[in-house]
Number of protein chains: 2
Amino acid sequence: MSLKFQLLNSTGQTRKQEIIKTAAKLFKEKGYSAVTMRDLAKAVNIRAASLYNHIDSKQDILKSIIISLAEEFTNGMETIKNSDVSIIDKLRAIVSLHVNITIHNTYGMASLNNDWMHLEDQLEYYLSLRKNYEEDFVEIIKSGIETKEIRDSNPEIIMFSILTTLRSLYLWLPKKDDLNRQELAKNLGDVLINGINHQSTTA
Amino acid sequence: MSLKFQLLNSTGQTRKQEIIKTAAKLFKEKGYSAVTMRDLAKAVNIRAASLYNHIDSKQDILKSIIISLAEEFTNGMETIKNSDVSIIDKLRAIVSLHVNITIHNTYGMASLNNDWMHLEDQLEYYLSLRKNYEEDFVEIIKSGIETKEIRDSNPEIIMFSILTTLRSLYLWLPKKDDLNRQELAKNLGDVLINGINHQSTTA
DNA sequence: GTCTATATCCCGATAGAC
DNA sequence: GTCTATCGGGATATAGAC
């Protein structure tokens, strides 16, 4: 195996990385299907044909964006699942996981949420990762209900409510760049976990 | 103005209504841009050219789906805003508004959430309706914090958390058709408003 | 109101010069 | 590694027969 040296551009990325990041930004704005290779080429200041010296296909770009993110979530959940902390702290760790990943890859989160159905070869793999993630999440909530750390409501509704909020963070985080990630994770955790009703009781 | 009589098909819809409803279903599965007029024609068992006897353009279909829904939400919010009930009851009414609209037009909600950016002439109008809706929502939360009905957290985070959950209902409601709408609205309201932490206090 | 045929344009991707 | 030129196909939409 030979060492490879890559010329990096002014932002410290290889051309391939630049193309993928730019594609993610365009996919966020219009969705995978509405972005053409000519759009993407214009955004990185080359001709469409030249893109193919760096990537195999449009589909190849989508795969790179989505699969790496889905695996980041899977790995994060695995760590949280096996950690020795309270259920409430596990939920706070899940909130932080989403906040951190969304901060460092805001554009990619849009594709993960909205364009996964355009995956071809990797569709089944993606769906299995997502299914496992949701199952792990709902198990954490169920065990919290058993230990009475969590109010006894429908576990799927609780999971859905928290997860859809976390999945939508990418839409909203760019407007709130005055909040740093610790502050945001704490605020969001308070709202999602402790609720908003000032009069609510623990009964 | 002359009276018009329309032949209705076996499901009691005009052909135009059937086309729009079928389009909404396809848009939910793949997004507006990835659905072709040939796909839509096949789904309603005619040829693509024949669609144009009922609708002006593909864009015309998207406009019909999104604008009517956005106006339903605007009207619902207007009623809630002016009603003389507690803030918590206003929030519960917003939850019910979303549950009811999502139940009767699940497919359309996907376009409202994901395909609004493909609106052409009506884009600005849609954006103004959405902006007003969110402003009304956050005002309700702020007044609830003032009256101490709502815990003193960041109002935008509270609004975002509740609204993204409600906007994502269309993804999840079809899997939960065992719950009727009153049950669902109550469960969801409990989780969103009272939170999930069994140990949380009102301090 | 549905059909066939077609106009016009744009898509993803490749070939090959430089 | 980027370019020009182009292939083959599929997109929305129209024209006009029935």
Side-chain angles (χ1 to χ4, degrees), chain A residues 4-24 26-27 29-66 111 115 117-123, chain B residues 4-24 26-27 29-66 111 115 117-123:
Chain A
K4 277 192 188 171
F5 295 91
Q6 300 245 229
L7 279 180
L8 302 182
N9 65 14
S10 60
T11 59
Q13 304 169 100
T14 64
R15 200 90 220 227
K16 179 170 181 174
Q17 288 170 328
E18 183 194 3
I19 289 168
I20 291 172
K21 283 198 179 267
T22 306
L26 297 180
F27 293 167
E29 287 164 7
K30 304 201 298 177
Y32 175 74
S33 301
V35 174
T36 71
M37 295 303 273
R38 287 169 176 84
D39 292 336
L40 176 55
K42 181 171 280 184
V44 294
N45 263 300
I46 56 178
R47 299 285 175 163
S50 308
L51 292 170
Y52 291 89
N53 275 293
H54 305 280
I55 50 98
D56 291 339
S57 63
K58 190 185 177 189
Q59 174 68 202
D60 181 47
I61 298 173
L62 186 68
K63 188 187 69 187
S64 295
I65 295 169
I66 292 183
S111 301
D115 284 322
M117 72 286 281
H118 299 117
L119 285 172
E120 291 163 11
D121 293 348
Q122 319 290 326
L123 178 57
Chain B
K4 277 194 188 172
F5 296 91
Q6 299 244 228
L7 278 179
L8 302 183
N9 64 14
S10 60
T11 58
Q13 303 169 101
T14 65
R15 200 89 218 228
K16 179 170 182 174
Q17 288 171 328
E18 182 194 3
I19 288 169
I20 290 172
K21 282 196 179 271
T22 305
L26 297 180
F27 293 168
E29 288 163 8
K30 302 202 296 176
Y32 174 74
S33 301
V35 174
T36 71
M37 297 302 273
R38 290 175 175 90
D39 292 337
L40 177 55
K42 182 170 278 184
V44 294
N45 263 301
I46 57 179
R47 300 284 177 166
S50 307
L51 292 169
Y52 291 88
N53 275 294
H54 304 282
I55 50 97
D56 292 339
S57 62
K58 190 185 176 187
Q59 173 69 202
D60 181 47
I61 298 174
L62 186 68
K63 189 187 69 187
S64 295
I65 295 171
I66 291 183
S111 301
D115 284 321
M117 72 286 282
H118 299 117
L119 284 172
E120 291 163 13
D121 293 349
Q122 320 289 326
L123 179 59

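Naming: A, B, ... by sequence-line order, numbering from 1 per chain.
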If I take atom [atom1] in residue [X] and atom [atom2] in nucleotide [N], what distance separates them, rounded to the nearest angstrom?
X       : N      : atom1 : atom2 : value
B:Leu62 : D:dT12 : CG    : P     : 13 Å
B:Tyr52 : C:dT4  : OH    : C1'   : 16 Å
A:Arg47 : C:dG16 : CZ    : P     : 21 Å
A:Lys58 : C:dT14 : NZ    : C1'   : 18 Å
A:Asp60 : C:dA13 : CG    : C1'   : 13 Å
A:Met37 : D:dA11 : CE    : C1'   : 18 Å
B:Leu51 : C:dG1  : CG    : P     : 13 Å
B:Lys30 : D:dG10 : NZ    : C1'   : 13 Å

Most 5' of B:Asn45 and A:Gln59 on DNA chain C, judged by nearest nucleotide |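 Its nucleotide being nearer the 5' end, the pick is B:Asn45.
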Is B:Val44 touching bases, backbone alone, or none of the nucleic acid, heavy atoms closer than 4.0 Å?
-> nothing
Within the structure shown, what part of the strands sits under 4.0 Å from A:Ala49 by heavy-atom distance: base, sugar-phosphate, or nothing?
-> base
Is B:Lys42 paired with B:Asp39 through a side-chain N to carboxylate O contact shorter than 4.0 Å?
-> no
State plainly whether the residues A:Lys21 and A:Glu18 are in salt-bridge range, i.e. N to O under 4.0 Å.
-> no
Search all heavy atoms of A:Ala34 against all heavy atoms of A:Lys30 and return the closest pair with its distance.
->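 Smallest heavy-atom distance, with atoms named: CB-O, 3.4 Å.
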Note: A:Thr22 and A:Ala43 closest approach over all heavy atoms is CG2-CB, 3.5 Å
Are OP1 or OP2 of D:dG1 and a side-chain N or O of A:Arg15 less than 4.0 angstrom apart?
-> no
Along DNA chain D (nearest heavy atom to each residue), the more 5'-positioned of A:Arg38 and A:Ser50 = A:Ser50
Please tell me which of B:Thr36 and A:Ile46 maps to the more 5' nucleotide of DNA chain D, matching each residue to the nucleotide holding its nearest heavy atom.
-> A:Ile46
B:His54 has its side chain closest, among C:dG1, D:dT4, C:dA13, to C:dG1
Would you find a donor on one side and an acceptor on the other, under 3.5 Å apart, between the side chain of A:Gln59 and the backbone of A:Glu120?
->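 Confirmed, A:Gln59 side chain pairs with A:Glu120 backbone.
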